[in-house]
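We name chains A, B, ... by the order of the sequence lines, and we start the count at 1 in each one. Just the heavy atoms: all of them, side chains too, but no hydrogens, waters or symmetry mates, feed the values below.
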There are 2 protein chains.
Amino acid sequence: MQAIERFAQYLSKHGLKMTRERRALIDHVLSVRGHFDVDDLLGRLRKAGHGVSRATLYRNLPRLVDSGLIHKVEMARGQARYELMLGRHHHDHMICLGCGTILEFESPEVERIQEVVCRRKKFVMTGHSHQIRGYCESCASVGSSPGSAGRRR
Amino acid sequence: MQAIERFAQYLSKHGLKMTRERRALIDHVLSVRGHFDVDDLLGRLRKAGHGVSRATLYRNLPRLVDSGLIHKVEMARGQARYELMLGRHHHDHMICLGCGTILEFESPEVERIQEVVCRRKKFVMTGHSHQIRGYCESCASVGSSPGSAGRRR
DNA sequence: CGCTAGTTGCAACAGAGTCTCAATTATGAT
DNA sequence: ATCATAATTGAGACTCTGTTGCAACTAGCG
C-alpha cells in the first residue's frame, strides 16, 4: 500500500531524507514474502541493479523497524531476520532446529500475562521477544536420530 | 553443593575428563551470584591466578549448560550471559534497557500456553527463550528523556 | 607405569554489525 | 531556481563474539 508515503512521513518527522537508496530498500522489502535476512535483501537489491551498500542496509533497517514497517526477529546468536509487518498483527515464532523453518503464533494470553508480570515488578515494557525452539512436524517425524533431519542452513 | 561431583558424573558419562581448568571453572561459576558473561568469568579466573584461556572457556560453557548446572541467556545480538541453575526453577527475564539490570519472572501459565500452541502446530518443543525488554522501576522514573538513565553495561 | 583419547593455549580465522571519512545529495530557506 | 547545510552514502577498516587448527600436555583406564 502506501508504505512508501508512510515511511516518508516517518522520515520527515525525524528530520531524515527520502533517498534513492531508501526508496529501493522499501520497494524490495515490500516484495519479499516471509522472513528475510540482510544478505537476502542485499542480493535482491544487487540483482535488481540497485547498488545499495551493506552499510546503508544496516543503517536503514532499524529505521524501517522503528517506523513499524518491518519487524526484527532475533534468532540464535547473530542470526537476525526481518519480516514485513504491514498491517499484520503482532506474533511470535517457533524455529525449527532441523530445517530452519519459522512458524508463527499469536497469543493474546501471553501478552496479557506479560503485562501482569510487568505491573507486578513495576517494569515498563517496551517490547519482548519470545521464541520456541524445537522441531517442526516433518523434521520431528524423520526420527529423533540427530542429524537425520534436513540440513540446517 | 556437590556440584563438582555432579559435573564429574556428567563428564565421565560422556567420556570426558575432569581437568584442572574445568575444576577452576566450576569453582568460579559457583561463586558468582546473579548473571555473568564470559568476560566477567575470565576476569575472575585470571584474578584468582587460574590462567584459563578464552578458548577453553568457550569450549566448556556449553558443557556446563548441557549438564544443567548453568543456563544461557541470549540477550540482543551477541550478548550472551549465563546464570547458575543449581536447583533453581526455570524462569525468564526482563532486561532493563537503561541500566542493564536483569529481573526474573516465572510463569507456569506461559509454559502451559506454549505447550498448547506447539501441540496445535505439531511442533516438538525443545526449548524457548522469552525476554521482556523495557525499563526497570528506577530507570523508568528517572524520566523518559533518553540517555539520562544509568550507564549501560 | 604407559597409552591414548581428550584437553589446552595460542593465534589465526570467521561472521555480523559498526564506524570513519570524504564525497554526494535532499530539502528548507531565500 | 539557487543556495546552504545537514543528512546520507559507499568503501573499507575495525570491533566484538565466538570458533578452529595444531602442537604440546595430561587424565584416567588397563
Next item on the list: Could you please spell out the steps behind the side-chain contact (heavy atoms from CB on, under 4.5 Å) verdict for B:Y10 and B:L69?
Entry: CA-CA 10 Å; B:Y10 166 87; B:L69 270 181; over 6 Å; no

Starting from [atom2] on [N], measure out to [atom1] on [X] and report it in whole angstrom.
{"X": "A:H14", "N": "C:dT27", "atom1": "NE2", "atom2": "C1'", "result": "17 Å"}
{"X": "B:R54", "N": "D:dT17", "atom1": "CZ", "atom2": "P", "result": "9 Å"}
{"X": "B:L41", "N": "D:dT17", "atom1": "CG", "atom2": "P", "result": "15 Å"}
{"X": "A:M75", "N": "C:dG15", "atom1": "CE", "atom2": "P", "result": "18 Å"}
{"X": "A:L61", "N": "C:dA16", "atom1": "CG", "atom2": "P", "result": "14 Å"}
{"X": "B:R81", "N": "D:dT17", "atom1": "CZ", "atom2": "P", "result": "11 Å"}
{"X": "B:E21", "N": "D:dC25", "atom1": "CD", "atom2": "C1'", "result": "10 Å"}
{"X": "B:L16", "N": "D:dC29", "atom1": "CG", "atom2": "C1'", "result": "15 Å"}

Please assess B:V38 against B:Y58 for the test side-chain contact (heavy atoms from CB on, under 4.5 Å), listing each intermediate value before the final yes or no.
CA-CA 8 Å; B:V38 175; B:Y58 276 113; 3.9 Å; yes

- Can you check whether A:H93 and A:H91 have ring centres sitting under 6.0 Å from each other? yes

The side chain to side chain contact (heavy atoms under 4.5 Å, CB included) partner of B:Q131 among B:V73, B:D92, B:I102 is B:V73

Taking the minimum atom-to-atom distance to the side chain of [X], which one of [options] wins?
{"X": "A:N60", "options": "C:dG17, C:dA16, D:dT9", "result": "D:dT9"}
{"X": "A:K17", "options": "C:dA26, D:dG28, D:dG18", "result": "C:dA26"}
{"X": "A:M18", "options": "D:dG10, D:dT17, C:dT27", "result": "C:dT27"}

Q: Report yes if a side-chain nitrogen or oxygen of A:Y58 is closer than 4.0 Å to either non-bridging phosphate oxygen (OP1 or OP2) of C:dT18; otherwise report no.
A: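 Answer no for this pair, as no side-chain N or O of A:Y58 is under 4.0 Å from OP1 or OP2.
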
| A:T19 side-chain N/O to D:dA7 phosphate OP1/OP2 under 4.0 Å | no

Earlier contact from the 5' end, DNA chain D, for B:P62 and A:S53
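Nearest-nucleotide comparison on DNA chain D picks A:S53.
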
Indicate yes or no for a side-chain donor-acceptor contact from B:K121 to the backbone of A:E104 under 3.5 Å, with no hydrogens or angles considered.
->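 Indeed, once roles are kept as given, a pair shorter than 3.5 Å links the two residues.
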
Next on the checklist: Base, sugar-phosphate or nothing for A:R59? Non-hydrogen atoms, less than 4.0 Å.
Outcome noted: base

